[in-house]
Amino acid sequence: MSWDVVVVGGGSAGCALAGRLTEDPRRRVLLLEAGTAVSDAAAFSPDVRDVASLAAADPDGPHTWDVGVELLPGKHTRVGRGRLLGGSSAVNGANHLRATRADLDAWPGWSYEATLPYYIRGERDLDVRGPLHGDRGPVPVVRPAGELRAPVTERFLAAAARVGVPAEPDKNGDQPPGAGLVPGNVRRGVRVNAAMAYVLPHLARENLAVRGDVTVARVLLVGDRAVGVECADGERIEAGEVVLAAGSVCTPQLLALSGVGPPDALHTAGLPVRHELRGVGRGYGDHPSVYLAFPDPGDGLHPEAPGAQAVVHLDAGDDPAGDLEILLFARPFAPDGPCHLMCALQAPESRGVMGFASGPGEPPRLEHRYLVSGHDRARMRQVVRRAGEMLAVGGLALDPTRGSDDRALDAWITAHLTTSAHLCSTAKLGPASDPDAVVDPELRVHGLRGLRVVDTSVLPTVPRRGPAATALMLGERAADLIAGTVAEAPAHPA
Ligand SMILES: Cc1cc2nc3c(=O)[nH]c(=O)nc-3n(C[C@H](O)[C@H](O)[C@H](O)COP(=O)(O)OP(=O)(O)OC[C@H]3O[C@@H](n4cnc5c(N)ncnc54)[C@H](O)[C@@H]3O)c2cc1C
């Protein structure tokens, strides 16, 4: 059987794309997911549904790819990325923050104005109304309020104001960076993942088929045209168009397994070279971060409340869009443990490189090369110091960084360094004149026909806010790109 479109990866972008594409009953779409595919939202396990739990992201758990990452030479960690229908949106923090205008305006051929209609179309914002917000989309968006807002959240926001951080009351409202509540894709304590929003309500559509437990091994190429995919068990599936939506780790790996990538890296992995594209898996970005712990004030937190409640975005000095983030986790990660401020660098200069695995279903090796630049190290010190100041001013703990000179603080940061798990740009979009671009602004792989990438791989840089909402926006907009009906931006206040 042949399909009009085969979407590889039922994650954030893949679900949004498949849901939107099949609104046209003439288009037949097959969505393939390597992990389990439930057919009913209630069938997701409690840790996947419960927004208060981060347990589903355990790299040893049943819902994840276990991705090894080298943060700095010799310093390793593991990231659990979603491997189930819903993808990483089913295991993540459910923080639903749009990229900033500065991020979007820097994407070749894209812009804030071009993406706004798709952020709006995807959401049903239950708190904020107005021309910048949607009220009919499939993704509910709420901010912690009433009994779901922790008392420590108020103290955090008050501390931010006392150290001079301006308020940013609507984090998705195109406002200057500041302090505000975290919008979340949540409804009554349930993490509303992309499958719940975009796919499961539409399983009755005759033109939509969803298959779980199918790992795609490579794209089938005839000459310069993609004609389908081959699965790990040898099954071949024909398609008019193949869309890779396997996420920023597995999509470049799939391109490599298909012979598409930088020749030296393909040779190293023992893979044939079918089509040279030097940007695959190279020059990617992610947010380096560290956690500052502080004693749980013991105010109590409603069991349905999200852990990440409020966030500060700051300009370190030369980035008015805000290149630093301080995110309050009001719920301890472990019983009787401390609460945390996550301090992150949102516009890092450091760029990573991927080493490909030679077999399907095996994750590649990731070298993030964090903090190689002095500018990145200086900004990390700054965000930790600002967070420490806020803790001290908020009476939450003594500033643990006070008195630390740069050298001592660098050592502390290196020892505590981790990643926000926001990997992007492993198959970035750009014009054909950019030798590092992998897809064009319509998300078609350069030099090949019938093959697109629609996931966070294509973002030219990691956005200054978490990429989850942007992954959904990509799926939304890609559906219109494929249909040839890209929406115009509505008039709205600048
Ligand atoms: C633990 C964690 C917490 C996070 N928290 C937040 C947050 O709170 N806010 C935020 O903004 N961002 C967050 N992020 C990042 C954000 O969730 C991701 O960037 C985003 O969801 C990625 O979307 P995607 O569509 O690119 O890929 P994914 O959602 O990861 O989807 C890729 C899908 O493809 C499937 N797949 C892969 N390979 C194959 C194959 N060969 N064959 C078939 N299927 C395949 C995968 O199983 C997966 O389902 C978090 C990420 C993690 C890992």
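Predicted model only: the values in this text are computed from it and were never measured. Whatever order the structure lists ligands and atoms in, that order sets their numbers, starting from 1. The figures that follow rest on heavy atoms only: side chains count, while hydrogens, waters and symmetry mates do not.
Residue contacts with ligand 1 for Leu84 involve N, CA, C or O but no side-chain atom from C-beta outward (heavy atoms, distance under 4.0 Å). When non-hydrogen atoms are compared, ligand 1 lies under 4.0 Å from the backbone of Ala94 (N, CA, C, O) but not from its side chain. Residue-level proximity to ligand 1 for Ala245 is carried by the backbone, the only part with a heavy atom below 4.0 angstrom. Contact annotation for Leu54 and ligand 1: no heavy atom of the residue comes within less than 4.0 Å of the ligand. Under 4.0 angstrom from ligand 1, the non-hydrogen atoms of Ala13 come from both its backbone and its side chain.
What sits closest to atom 46 (C) of ligand 1 on the protein, heavy atoms only, is Trp65 NE1, 3.3 Å. Looking at atom 51 (C) of ligand 1, its nearest protein heavy atom turns out to be Ala421 O, 3.3 Å. Atom 41 (N) of ligand 1 has as its closest protein heavy atom Val216 O, 3.0 Å. For atom 18 (C) of ligand 1, the nearest protein heavy atom (residue, atom name, distance) is Ser88 CB, 4.1 Å. Scanning the protein heavy atoms around atom 19 (O) of ligand 1, the nearest turns out to be Pro467 CG, 3.3 Å.
If you check the side chains of Thr419 and Asp286, you find a donor sitting under 3.5 Å from an acceptor.
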Next item on the list: Before giving the answer on side chain to side chain donor-acceptor pair (under 3.5 Å), spell out for His63 and Ser45 the whole-Å C-alpha distance, their side-chain angles and the decisive distance to 0.1 Å.
Entry: CA-CA 10 Å; His63 309 301; Ser45 64; 3.2 Å; yes

Note to self: Test side chain to side chain contact (heavy atoms under 4.5 Å, CB included) on Leu277 and Val445; report intermediate values, then the result.
What the structure shows: CA-CA 9 Å; Leu277 273 179; Val445 174; 3.6 Å; yes

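Nearest to atom 27 (O) of ligand 1 by heavy atom, out of Gly184, Gly247, Pro463, is Gly247. By heavy-atom distance, the residue among Glu33, His287, His96 lying nearest atom 35 (C) of ligand 1 is Glu33.
The distance from ligand 1 to the heavy atoms of Gly80 drops below 4.0 Å at these ligand atoms: 1 (C), 53 (C).
Salt bridge Asp66/Arg83: absent, no basic N to carboxylate O contact under 4.0 Å. Salt-bridge formation is not detected for the pair Asp440/Arg452: no Lys NZ or Arg NE/NH1/NH2 atom is positioned less than 4.0 Å from an Asp or Glu carboxylate oxygen.
Atom-to-atom distance recorded for Leu451:CG and Arg444:CZ is 12.0 Å, nearest 0.5 angstrom.
Listed by chain and residue number, Arg78 satisfy the side-chain hydrogen bond (donor to acceptor under 3.5 Å, both in side chains) test with Asp60 (two or more places apart in sequence, or in another chain).
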